[in-house]
Amino acid sequence: MSARNILVINCGSSSIKFALVNEAQSSFPLQGLAERLGSPEAVIHFENASGKESLQVPDADHQAALAQILPRVEAAAGGHLDGIGHRVVHGGEKFFASTLLNAETLAGIEANVQLAPLHNPANLSGIQAAMSLFPSLPQVGVFDTAFHQSMPEHAYRYAVPEFLYTQHGVRRYGFHGTSHRYVSKRAAELADLPANNSSWLVAHLGNGCSTCAVVNGHSRDTSMGLTPLEGLVMGTRSGDVDPSLHNFLANTLGWDLAKIDSMLNKESGLKGLSGLSNDMRTITEAREAGHPGATLAFEVFCYRLAKSLASMACALEQLDGLVFTGGIGENAAVVRARTLDHLKLLGFKIDAEANARCVRGVAGEIQAAGSPRILVVPTNEERQIALDTLALLDA
Ligand code: ADP
C-alpha cells in the first residue's frame, strides 16, 4: 500500500489552518492559512517545498475558501486523498477519543456549542463545508478536550453546588489534549521508556498555555478548566484570578460580565502585565533591555508556571520527566531556566549549554547530572490528528 495522505483542518471563526500530512514524510507537502474569511480582505496563504504563495479571495466564507484549497491539496497529494481530520475544540463529556464524523457525532458536537460558543460553531462550519465538498471521503473529529476525559473526579470537579455539574456541565475539561498526548508519547520514545508505564509533567506554552500530568499515557490533571482561561498566565489571558474579582470590578467600576470576560481573555496575561506585548519574543527582548513591565510579566509567567507544575506533581506517583513544548516551550530557553529555578525542591537542575541548544525545532534532554529528565519536545498537533484519522480508517 502506498503512503496515505490526510488533510488536517483547523477552523477558527474567520480562519482555516490546514496541512496535508503524508504518513511517510516528516514535513508537510502542503500547508497554509486562510484568514479574514467573510471580509473583503479574505486571503489564502499556501506553503510548500518550493515556496509561498497567496491568493486573494474577497468575501470568501469557509466553504468558498475550502473549495479553493481542496484541489491544490489533491494535486499535492498526487491526486489521492485518503481522509480529512478536523480539530474540534470541545467534546464535552461525550467524546473521550477521536471519532468518525457522521450525523450522530455531528449532533454531539452541536450539543457542546454552549461550552465553546466561539470555537465549536467555527469547527462545525469547516466540517460541514468539507463534507459537502467531499461527501465520500471519511472525516474524523479530534477533540482538544478528549485526552483529559481520563481525569479522576477529584481533579475535574469544582467545589460548587452539584446541580451545576449534573444539569449544566460545570466542571474542568482541559484543552490542548492533542498536544499533551503527542509530546508525552514522544518524550517516552526519546527517553526509551514505555509510554504506558511512565509519568510526565508537560508544559504546553504557546499563545495559550497549560500544564498536564500524564500517567501511563493518560491525563490525570491539567491546568485549564471549564474554559481555556483557567490556570497559567498566557499571551492575553489572565489565567487564575480570585473568582470574586468579577464582583469587585462590577461594584467598583460598574463593569458588566461581558467587559470583565473580554478583559480577562484579551487584555491580560503577558500583554496586561507588561503593557507592551502578548508575544514572548518581545517580552524577553524588552526584559534584556531593562523594561520594567516586561521584566514583571516574565517573572510572573515563570513563577506561576512553576507553581502549576508543582501542583500537577500531586497527580504522579513517580516522575520520569518534565516536557516543554509550544512556541515558548520550544524556543524560550530563558523561560525554561527561570521556571526551573523555582522547582529546585523537585530536584530539577538545568544544563545551560543543552538548554541553549534546544531551540527552533531541536528536541532533546536539557537536565544537568542528578536532575530528573527535562525534555524539549516540539509539538505536532497536525501529525497527531492525521495519525488518529488513519487509525480510524484502519479500524
Ligand atoms: P499557538 O498557541 O498560536 O500555536 P505557538 O505555539 O506558535 O502559538 O506559540 C506562540 C508563542 O511562542 C508566542 O508567544 C511567541 O512569542 C513564542 N515564541 C516563538 N518563538 C520564540 C522565541 N524564539 N523566543 C521566545 N518566544 C518565542
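Every number for a ligand or one of its atoms is a count from 1 in the order of the listing. Position 1 is the first residue of the sequence, and the numbers go up from there. Heavy atoms only: backbone and side chains are in, while hydrogens, waters and symmetry mates are out.
Of all protein heavy atoms, the one lying nearest to atom 4 (O) of ligand 1 is K17 NZ, 4.4 Å. Protein heavy atom closest to atom 20 (N) of ligand 1, with residue, atom name and distance, is N331 ND2, 3.5 Å. With hydrogens left out, the protein atom closest to atom 16 (O) of ligand 1 is D279 OD1, 2.2 Å, a heavy atom. If you check which protein heavy atom lies closest to atom 14 (O) of ligand 1, you get M280 N, 3.2 Å.
With rounding to the nearest 0.5 angstrom, the CZ atom of F96 is 11.0 Å from the OG atom of S150. In this structure, F324 CZ and I374 CD1 are separated by 7.0 Å, a value rounded to the nearest 0.5 Å.
Remark: ligand 1 atoms within the under-4.0 Å shell around heavy atoms of A332 are 25 (C).
Close N/O approach between N207 and ligand 1 is found [any backbone or side-chain N/O within under 3.5 Å]. Where the criterion is an N or O separation shorter than 3.5 Å, residue side chain and backbone included, G206 fails it with respect to ligand 1.
Nearest-residue assignment for atom 17 (C) of ligand 1 (options I328, V359, V334; heavy-atom criterion): I328. Nearest-heavy-atom check against atom 24 (N) of ligand 1 across R281, E330, H176 picks out R281. The closest non-hydrogen atom to atom 12 (O) of ligand 1, taken over G327, G235, G329, comes from G327.
Remark: the backbone N or O of D351 is not paired with any side-chain donor or acceptor of N355 at under 3.5 angstrom.
The side-chain tip of R171 does not point at the ring of Y165 from less than 6.0 angstrom away and within 45° of straight on.
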Check against side chain to side chain contact (heavy atoms under 4.5 Å, CB included), L375 and I366: CA-CA 6 Å; L375 290 100; I366 60 169; over 6 Å; no
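Put simply, the side chain of L101 does not reach to within 4.5 Å of the side chain of V140, judged on heavy atoms. The side-chain heavy atoms of T145 and V89, taken from C-beta on, include no pair separated by under 4.5 Å.
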